[in-house]
Colleague: 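Here's a structure for you.
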Amino acid sequence: MNITKEPNTRQPTIQQDIFQVVALIPYGKVATYGQVAALAGYPRHARLVGYALNRILAPDSDLPWHRVINAQGRLSLHKLDIHAEELQRFKLEQEGVVFAEGRVNLKTFQWQP
DNA sequence: AGAGTGACATATT
DNA sequence: CAATATGCCACTC
């Protein structure tokens, strides 16, 4: 075979980086999109985070995607799937995250690495 | 190859 | 609180 060069030249995509960071979010804590983006090395790519997560959103995914919320302490899934939002909330509550007035108190539950 | 899109963030009104 | 504006840029078509 003629293997002149390594096909695996693709550098880590933002999705991969996001994937790694989200996987680090501890149980019972949440992170904002901007936070995840910054930790992944993409300071102002909050939107990209959402986009990336959208791609990996899978039932068998090991990613705690439900621990990623927006900067207002609210869930942002409703635009895609209103039901998924309820599921996300349910999952978070099971982890001990408290919703007050329909939102999470980030001061209390935001992941602080 | 260029235009459109987006699980957002921040600031302002 | 809600609406609006702007930034940001990888990804999709």
Side-chain angles (χ1 to χ4, degrees):
Chain A
M1 314 263 263
N2 172 14
I3 304 181
T4 49
K5 51 185 166 188
E6 187 54 48
N8 248 350
T9 308
R10 61 192 180 97
Q11 53 186 259
T13 64
I14 188 170
Q15 290 190 9
Q16 298 285 338
D17 292 331
I18 298 302
F19 192 98
Q20 295 291 333
V21 174
V22 174
L24 294 179
I25 305 176
Y27 182 96
K29 291 288 182 180
V30 297
T32 66
Y33 294 96
Q35 183 180 8
V36 172
L39 289 172
Y42 302 87
R44 290 167 192 84
H45 299 183
R47 305 176 88 158
L48 282 286
V49 174
Y51 189 84
L53 286 179
N54 200 344
R55 279 319 203 223
I56 64 166
L57 177 54
D60 61 323
S61 174
D62 292 329
L63 279 183
W65 56 268
H66 53 275
R67 297 185 190 142
V68 183
I69 63 180
N70 66 23
Q72 302 173 8
R74 290 195 152 143
L75 311 184
S76 299
L77 267 176
H78 64 85
K79 293 223 159 169
L80 291 182
D81 201 331
I82 187 67
H83 279 305
E85 179 180 313
E86 298 177 7
L87 175 62
Q88 180 176 15
R89 170 167 175 164
F90 181 74
K91 289 190 165 205
L92 289 176
E93 289 181 329
Q94 277 196 322
E95 297 187 356
V97 177
V98 177
F99 282 75
E101 310 260 327
R103 60 188 136 175
V104 176
N105 186 333
L106 289 177
K107 279 204 147 182
T108 304
F109 295 105
Q110 183 172 47
W111 176 37
Q112 293 164 13

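What's counted below: heavy atoms across the whole structure, side chains too, no hydrogens, waters or symmetry copies. Proteins get letters first, then strands, A, B, ... in listed order; numbering begins at 1 in each.
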Colleague: dG7(C) C1' sits how many Å from Y42(A) OH, rounded?
Modeller: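 So the two atoms are 18 Å apart, to the nearest Å.
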Colleague: Mapping N54(A) and Q72(A) to their closest nucleotides on DNA chain B, which lands nearer the 5' end?
Modeller: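 Of the two residues, N54(A) wins.
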Colleague: Is Q20(A) reaching over with its side chain to a backbone N or O of Q15(A), donor-acceptor style, under 3.5 angstrom?
Modeller: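 No: the side chain of Q20(A) does not pair with the backbone of Q15(A).
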Colleague: Measuring from Q110(A):CD to N105(A):CG, what's the distance to the nearest 0.5 Å?
Modeller: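 Answer rounded to 0.5 Å: 10.0 Å.
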Colleague: Closer than 3.5 angstrom, by distance alone: can the side chain of R67(A) be matched with the main-chain N or O of I25(A) as a donor-acceptor pair?
Modeller: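 Confirmed, R67(A) side chain pairs with I25(A) backbone.
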Colleague: Tell me whether the OP1 or OP2 atom of dA7(B) has a side-chain N or O from N70(A) closer than 4.0 Å.
Modeller: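 Checking dA7(B) against N70(A), no side-chain N or O comes under 4.0 Å of OP1 or OP2.
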Colleague: Pull out every residue in residues 75-107 of chain A that has a heavy atom closer than 4.0 Å to any atom of DNA chain B, ordered by number, or say none.
Modeller: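 Hits under 4.0 Å, by residue number: S76(A), L77(A), L80(A).
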Colleague: From C-beta outward on I14(A), which listed nucleotide comes closest to its side chain: dC8(B), dC11(C), dC8(C)?
Modeller: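 When the side chain of I14(A) is considered, dC11(C) is the closest of dC8(B), dC11(C), dC8(C).
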Colleague: Could you check whether L48(A) gets within reach of a base, just the sugar-phosphate, or nothing at all, counting any heavy atom under 4.0 Å?
Modeller: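 If one applies the 4.0 Å heavy-atom cut-off, L48(A) turns out to touch a base.
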Colleague: Could you tell me how far apart I18(A) (CD1) and dA10(C) (C1') are, to the nearest whole angstrom?
Modeller: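 Rounding to the nearest Å, CD1 of I18(A) and C1' of dA10(C) are 11 Å apart.
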Colleague: Check whether Y33(A) and V22(A) end up in the same hydrophobic cluster, where Ile, Leu, Val, Met, Phe, Trp and Tyr are linked by side-chain heavy atoms less than 4.5 Å apart.
Modeller: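 The answer is yes; both residues are in one hydrophobic cluster.
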Colleague: Need to verify one output field. Residue with the more 5' nearest nucleotide on DNA chain C, Q15(A) or A46(A)?
Modeller: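 It is A46(A) whose nearest nucleotide is closer to the 5' end.
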Colleague: Would a distance-only check, ignoring hydrogens and angles, find a side-chain to backbone donor-acceptor pair under 3.5 Å from K29(A) to V97(A)?
Modeller: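 It does not hold such a pair.
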Colleague: Starting at CG of D17(A) and ending at P of dA10(C), how long is that distance when rounded to a whole Å?
Modeller: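 Checked: the CG to P distance equals 12 Å.
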Colleague: Please confirm whether any donor atom in the side chain of R47(A) sits under 3.5 Å from an acceptor in the base of dG7(C), or the reverse.
Modeller: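 Under the 3.5 Å cut-off, the side chain and the base do form a donor-acceptor pair.
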Colleague: What is the distance from atom CG of L48(A) to atom CD1 of I18(A), rounded to the nearest 0.5 Å?
Modeller: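 The CG atom of L48(A) sits 7.5 Å away from the CD1 atom of I18(A).
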Colleague: If you check every side-chain atom of H45(A), which of dC8(B), dT12(C), dC8(C) has the closest atom?
Modeller: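 Per side-chain heavy atoms of H45(A), the pick is dC8(C).
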Colleague: Ring of F99(A), cation from R89(A) - is the NZ or CZ under 6.0 Å from the centre and inside 45° of the axis?
Modeller: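 Flagged: R89(A) positioned over aromatic ring of F99(A).
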Colleague: Whole angstrom is fine here: how far is it from OH in Y51(A) over to C1' in dG4(B)?
Modeller: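 So the two atoms are 11 Å apart, to the nearest Å.
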Colleague: What nucleotide among dC11(C), dT10(B), dC8(C) has an atom nearest to a side-chain atom of A71(A)?
Modeller: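 Between dC11(C), dT10(B), dC8(C), the one nearest the side chain of A71(A) would be dT10(B).
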